[in-house]
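Report on the following structure.
Being a predicted model, the structure only gives us computed values, none of them experimental.
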Amino acid sequence: MPDRRIAATSLAVLVGLFGPMLVLASAQTVPLTVLIALASALVIGGDRPLTLRVDRPVLAATFLSFAYLLLADLWTPLGANAERALRVGALVAAAALFWAAAGRLNKQEKDKCINALLCGILFALFWLAIERLSDNWLLRQLSDKPNLDWWWGAYNRAINVLSVVGPVAASGVWRRNRIAGMAVGLIPLIAGMFMGASGSAVLAGAVGPVVALAGYWRPRVILGVIAVGLFAGALAGPVVLRDAVRLAPAIAFTVDHNSFSFQHRLITWHYTAERIAERPLLGWGARAARDLPDAELDIYSYTDRIDAPWMPLIVTDNLDSADVMPLHPHNALLQARLELGLVGTVLILVTVVLALYRATTPPNRLANAALLGSVAAAITIWCLSVGLWQSWWIASVGIVVALTRLLTGQIGQK
């Protein structure tokens, strides 16, 4: 067996690289996840005797969810569901390995990983600030567009993930000083506002610390709120959003505040809800969003077809960016209902909620608070921005969730 100390040190180094990876190559977190999984396997393999405790209910729910994805190819385009199931399954397995390995580290090894994470996040924040103040110097060096005058798309991913990792970083500092921990928890929110990040990233930066703080005192209550919110959004969301009259005030609000992006999103959600109603139980299949009927209509043509009192729409000359269905619905719950149907969505949500319940069952207030805060921030972004199947995002969230295991057995949990 390899030297366990070398494996644990390698894991700490890889955890430290997570921060720089976010800003320098945030879309490449999948290879980092694979490396972390390999180091985790070495850590686990270095223990004698080798014992892995498997939570059977979570394993059974996970198996049923992925089995549904594979079977869905029987009624949706062949191959799309299987490919997504295998990719997501590999990332979930990698995160599970990291979770198991993090729980096996001793206090000194956990401290080393937490310190490496904090240093990596500090680097990421420092470099993002340099990019903001230097008019994207690094992005200009790496880009083949000499007249590049925007940074937002390239670095918004980093702010998204920082908002999710924020509660873990805050908890890592909280164990030493609670005031400093609360200050660290607000850094992703401040960074998002400073960098001009998307509204979903800024909102997640605010949601994460609030939920983490509440979860520190009442983890079961917060977990219940998260569970109810997920199921309510998945079950009631499509019904509510099909009624165009309900969206009229929100559309008017976006016009008053000149927010074309959110107005576009509301219309996309209405279109998604219409398609969900056509195949409510089994869905259209993974990656089917862009292949749906009328998906390439622009939002103006689409709203003209709807017999409802739509409020005035913001007009843009770039109709290519105004398709009624972009690459995905920009809402994971709606995308799950659209592509997997009611059956697949319920299976996934049961798996997620059951896994969170099992993960927060040990009486560890610090780790539970970090986990709930990070999950709440991730859900916020998943329901407003990124797609259900985006690998870089799944990999990043998987790493962050597993990082919360580093907080078990730490001082300052009273």
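The nearest pair of heavy atoms linking N160 to I381 is O-CD1, 3.3 Å. Y68 and G344 get closest at one heavy-atom pair: CE2-CA, 3.4 Å. Here the closest non-hydrogen pair linking L105 and A8 is CD2-CB, 4.1 Å. Closest non-hydrogen pair, D294 versus V324, comes out as O-CG1, 3.3 Å. In plain terms, the two heavy atoms of A234 and R337 that are nearest each other are O-NH1, 2.8 Å. Nearest approach of G181 to V173, heavy atoms of both residues: N-CG1, 3.7 Å.
F260 and H264 have tilted rings, their planes meeting at an angle from 30° to 60° on a 0 to 90° scale.
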After noting the C-alpha distance and the side-chain angles of I114 and R175, does the key distance pass the side-chain contact (heavy atoms from CB on, under 4.5 Å) rule?
CA-CA 11 Å; I114 286 291; R175 63 198 173 101; 3.3 Å; yes
Worked check of side-chain contact (heavy atoms from CB on, under 4.5 Å) between F66 and V88
CA-CA 9 Å; F66 283 105; V88 174; 4.0 Å; yes
Audit row: S198, S200, side-chain hydrogen bond (donor to acceptor under 3.5 Å, both in side chains) steps and yes/no:
CA-CA 5 Å; S198 66; S200 60; 3.1 Å; yes
Using side-chain contact (heavy atoms from CB on, under 4.5 Å), reason through L235 and L342 one step at a time and then give a plain yes or no.
CA-CA 8 Å; L235 299 178; L342 180 62; 3.4 Å; yes
Between W174 and I179, is a side-chain contact (heavy atoms from CB on, under 4.5 Å) present by the stated rule, with each step listed?
CA-CA 7 Å; W174 173 283; I179 301 299; over 6 Å; no
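Note: Q263 CD to L266 CG = 8.0 Å, rounded to the nearest 0.5 Å. To the nearest 0.5 Å, atom CZ of residue F262 and atom CD1 of residue I251 are 8.5 Å apart. One distance of note links OG1 of T272 with CD of E339; it measures 9.5 Å at 0.5 Å rounding. In this structure, H330 NE2 and C383 SG are separated by 13.0 Å, a value rounded to the nearest 0.5 Å. If you take CG on L349 and CZ on F231, they are separated by 5.0 Å, rounding to the nearest 0.5 Å. Atom OG of S374 and atom CG of L403 lie 8.5 Å apart (nearest 0.5 Å).
With hydrogens and angles ignored, the 3.5 Å screen pairs a side-chain donor or acceptor of T351 with a backbone N or O of A61. Looking at Y302, its side chain never comes within 3.5 Å of a backbone N or O of A295 through a donor-acceptor pair. In this structure, the side chain of S65 engages the main chain of L347 through a donor-acceptor pair within 3.5 Å. With D323 contributing its side chain and M325 its backbone, the two residues share no donor-acceptor pair below 3.5 Å. Of the possible donor and acceptor atoms, one in the side chain of W269 sits under 3.5 Å from a partner among the backbone N and O of P329. Put simply, the side chain of R405 gets close to the backbone of W99: a donor and an acceptor are under 3.5 Å apart. A donor-acceptor contact shorter than 3.5 Å links the side chain of R265 to the backbone of L384. Side-chain N or O atoms of S134 include one that pairs as donor or acceptor with a backbone N or O of I130 at under 3.5 Å. With hydrogens and angles disregarded, a donor-acceptor distance shorter than 3.5 Å links the side chain of W382 to the backbone of G387. A donor-acceptor pair under 3.5 Å links the side-chain atoms of N368 to the main chain of T360, judged by distance alone.
With contacts defined as side-chain heavy-atom distances shorter than 4.5 Å, the pair T76/W284 does not qualify. Annotation: side chain of I399 is in contact with side chain of T33 (closest heavy-atom distance under 4.5 Å). The closest side-chain heavy-atom distance from T29 to V161 is not below 4.5 Å. Counting heavy atoms from C-beta on, the side chains of R132 and L128 never come closer than 4.5 Å. Annotation: side chain of L313 is in contact with side chain of I267 (closest heavy-atom distance under 4.5 Å). Side-chain contact check for R290 versus H328: every heavy-atom pair is 4.5 Å or farther apart. Within the 4.5 Å cutoff, the side chain of L133 has heavy atoms near those of the F194 side chain. Under the 4.5 Å side-chain criterion, counting only non-hydrogen atoms from C-beta, F126 is not in contact with E131.
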For residues 162-171, dump all side-chain donor-acceptor pairs below 3.5 Å to protein atoms at least two apart in sequence or in another chain.
residue, atom, partner, partner atom, Å
S163, OG, I159, O, 2.9
S163, OG, A201, O, 3.0
S171, OG, P167, O, 2.8

Enumerate, atom names and distances included, each donor-acceptor pair closer than 3.5 Å involving a side-chain atom of residues 274-283, sequence neighbours excluded.
residue, atom, partner, partner atom, Å
R275, NE, E278, OE1, 3.3
R275, NE, E278, OE2, 3.1
R275, NH2, E278, OE2, 2.6

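R157 forms a cation-pi arrangement with W392, by the criterion of a distance under 6.0 Å to the ring centre and an angle within 45° of the ring axis.
A donor-acceptor contact closer than 3.5 angstrom is absent between the side chains of R242 and Y271.
Atom OH of Y357 sits in a sparse spot, with 12 or fewer heavy atoms from other residues, nucleotides or ligands closer than 6.0 Å. Counting non-hydrogen atoms of neighbouring residues, nucleotides and ligands closer than 6.0 angstrom, the CG atom of L74 exceeds 12 such neighbours. R220 CZ: more than 12 foreign heavy atoms inside a 6.0 Å radius. For CD of E83, the number of neighbouring non-hydrogen atoms (other residues, nucleotides, ligands) closer than 6.0 Å is greater than 12.
The salt bridge (charged side-chain N to carboxylate O under 4.0 Å, His left out) check on D243 picks up R246, with sequence neighbours excluded.
Ion pairing of R84 with D73 is absent here, as no side-chain N (NZ or NE/NH1/NH2) approaches a carboxylate O to less than 4.0 Å.
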